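As structure tokens, the structure follows; a few thoughts come after it.
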Amino acid sequence: MTDYVLRTATETDLDALVSLRREAFANTGDPDPNSTRRLVFEAERNHLFEHDGQVVATAAAFTRDLAIPGAVIPAAHVTGVAVSAVHTRNGLLRRLMTEQLRTVPEAVAVLWASEGRLYGRYGYGMAAQNVTMRADRRELQITAPPAGGRLRDGVPSELIKELSEVYSTVLATKPGWSSRDERWWRHLTSDPESDRGGATKARAVLYENPDGLVEGYARYRVRPEWSDTGPKMEVNVIEVVAGTPAAYAELYRFLLRVDLARTLVQGLTSADDPLFHLVNEPAALGGHSADGLWLRIRDLPRALTARKYAAPVDVVLEVTDDLLPGNAGRWRLQVRAGGALVNCTPADGEPDFTLGIAELGAVYLGGTRLGALHLAGRVQEHRPGAVAAASTAFGWPIAPYSIEIF
């Protein structure tokens, strides 16, 4: 490792970091010189390795909050992890991930994994699944009766005030969603042509209730396509955010009736998406599940006392953590009814069950059942019934998911 220099990035490193990441992820075409990625770049949160004056490996994090069961807390949003092809197999990735975990101030870290097996080695667990939909809109109808109100459309970048207000009202109820400040809204609504994939410019549609209050919005594009028999365009949904059932139903009623479109495609949604219960033929939505957010607990007692629990519980868990020994050992988790008291303290008694830090990260958002990990042999129960009780407590009424890839 003597040929490699580990350091924190500076603002002047941005172009080199972009080039490295584009190479690692095989991005084609030229980078956009006006990319708003610069708005959210945090040099001080980028670790990198240099070799002969060249940036050859990097790992970064964004400073954002994350919605978790019953709360919104700071979370390191890990991103841009890349190693140059000719410098792999030299331990650079492990060194970067370890350095990052040891230095970030947040109690938890989250990321989207290009390959899940890479990040399980560093204590990340799959905490949320992501569902994609490819729906034949001609086979679908919204079964909810019309709610009244009205729809208003516009350009997302010109409606940031309305979009951000709606998003802020629902954030705390959506485990897995990330906070968005003004910089992030400007970045997410910038809509460069290179991000459209051949589709139209992004549009936004707002739902206003009969009193004129904006209760929800959708952002979408239309991909033009024609066949010998006529139009078969796609509605590409970027996101739908709604504070009321009525807003949700009316926004999808609109998206499913866009003229000339035959297909609705949405890449980031949940297994619990209300749309599955709002249409007359759920199978026609073409839902497909894959892994979504991966979560790593960095400060165990701080993380476990930050969230709410679905039921009271009193268990001693024994945790293994090779990278962060401060998390390892036996911990007593006490939760009273209604979450009136949540304590997590070191314990001397016999453990009720044993698990790794990755398994604890997997159950943290309430999307992965502790009981399922037990059945998979990844949790060892020492007191009968302890896993069932803890699995219920760690659960949550709705499945977590992330609404964006960061």
Side-chain angles (χ1 to χ4, degrees), residues 66-70 72 127-152 162-178 180 203-210 213-220 234-258 261 263-290 292-293 308 310 365-369 395-405:
L66 178 75
I68 64 173
V72 179
Q129 288 193 311
N130 174 56
V131 172
T132 60
M133 293 188 293
R134 187 173 187 86
D136 185 342
R137 63 180 286 278
R138 294 168 295 183
E139 298 293 325
L140 293 166
Q141 291 183 352
I142 298 294
T143 57
R150 70 167 187 143
L151 300 175
R152 174 161 60 95
E162 291 89 341
L163 304 184
S164 62
E165 288 177 352
V166 171
Y167 190 90
S168 296
T169 63
V170 304
L171 172 63
T173 67
K174 300 288 187 178
W177 285 24
S178 303
R180 297 174 177 177
R203 300 291 298 174
V205 58
L206 308 177
Y207 171 75
E208 297 178 345
N209 70 16
L213 299 177
V214 177
E215 292 184 343
Y217 71 83
R219 292 196 292 138
Y220 70 100
E234 287 183 0
V235 175
N236 294 164
V237 179
I238 301 170
E239 63 184 22
V240 176
V241 178
T244 64
Y248 209 85
E250 293 308 312
L251 289 167
Y252 272 108
R253 200 188 310 274
F254 165 79
L255 293 168
L256 287 169
R257 68 170 189 239
V258 173
T263 307
L264 180 144
V265 177
Q266 185 165 352
L268 298 173
T269 187
S270 161
D272 280 349
D273 196 303
L275 187 60
F276 287 104
H277 308 284
L278 280 170
V279 296
N280 59 338
E281 189 58 72
L285 290 172
H288 173 74
S289 297
L293 274 188
K308 303 299 182 185
L365 294 180
T368 300
R369 293 291 185 183
W396 202 245
I398 62 169
Y401 74 105
S402 179
I403 199 171
E404 65 183 86
I405 297 176

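Everything numeric in this text was worked out from a predicted model, so none of it was measured.
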>> Within this structure, what is the CD-CD distance for the pair E208 and E215, rounded to the nearest 0.5 Å?
In response: 10.0 Å
> Are V240 and L255 side-chain neighbours, meaning at least one heavy-atom pair lies under 4.5 Å?
Replying inline: yes
>> Do the side chains of E239 and K174 get close enough for a salt bridge, i.e. N-O under 4.0 angstrom?
In response: no
>> Ignoring hydrogens, what is the shortest heavy-atom contact between G148 and Y207? Give both atom names and the distance.
In response: O-OH, 3.1 Å
>> Tell me the closest heavy-atom pair linking L171 and A67, and the distance in Å.
In response: O-CB, 3.2 Å
>> Treating D272 as the side-chain partner and A399 as the backbone partner, does any N or O pair qualify as donor plus acceptor under 3.5 Å?
In response: yes
> Got S289 and N130 here, is their nearest side-chain heavy-atom distance under 4.5 Å?
Replying inline: no
> Side chains of R180 and I403: closer than 4.5 Å at any heavy-atom pair?
Replying inline: yes
> Hey, does V237 have a side-chain heavy atom less than 4.5 Å from the side chain of L268?
Replying inline: no
>> Using 0.5 Å steps for rounding, measure from the NE2 atom of H288 to the CD atom of Q129.
In response: 10.0 Å
>> Do E162 and Y217 have side chains that approach each other closer than 4.5 Å (heavy atoms only, starting at C-beta)?
In response: no
> Between CZ of R134 and CG of L264, what distance do you get to the nearest 0.5 Å?
Replying inline: 10.0 Å
> Parallel, tilted or perpendicular for Y220 and F254, by the 30°/60° rule?
Replying inline: perpendicular
> Does the side chain of D273 reach to within under 4.5 Å of the side chain of Y248, using non-hydrogen atoms?
Replying inline: yes
>> If you compare all heavy atoms of G267 against all heavy atoms of T132, which two are closest, and at what distance to 0.1 Å?
In response: O-CG2, 3.1 Å
> For the residue pair L293 and S402, what are the closest heavy atoms and their distance?
Replying inline: CG-CB, 3.7 Å
> What are the two closest heavy atoms between P400 and A127, and how far apart are they?
Replying inline: CG-O, 3.6 Å
> Within a strict 4.5 Å, meaning less than it, do heavy atoms of the V131 and Y401 side chains meet?
Replying inline: no
> Roughly how far, to the nearest 0.5 Å, is CG of L206 from CG of L151?
Replying inline: 8.5 Å
> Any idea which heavy atoms bring A310 and G395 closest together, and the distance?
Replying inline: CB-O, 3.4 Å
>> Are the side chains of L285 and Q266 in contact, using a 4.5 Å heavy-atom criterion?
In response: no
> So, the side chain of R253 versus the backbone of A144: is there a donor-acceptor pair under 3.5 Å, distance only?
Replying inline: yes
> Just by modelled atom types, is the D136 backbone N or O under 3.5 Å from a matching donor or acceptor in the T263 side chain?
Replying inline: no
> If you round to the nearest 0.5 Å, how far is CD1 of I68 from CH2 of W396?
Replying inline: 9.0 Å
> Between T169 (side chain) and V166 (backbone), is there a donor-acceptor pair under 3.5 Å?
Replying inline: yes
>> So, taking the atom named CD in Q141 and the one named CD in E281, what distance separates them when rounded to the nearest 0.5 Å?
In response: 11.0 Å
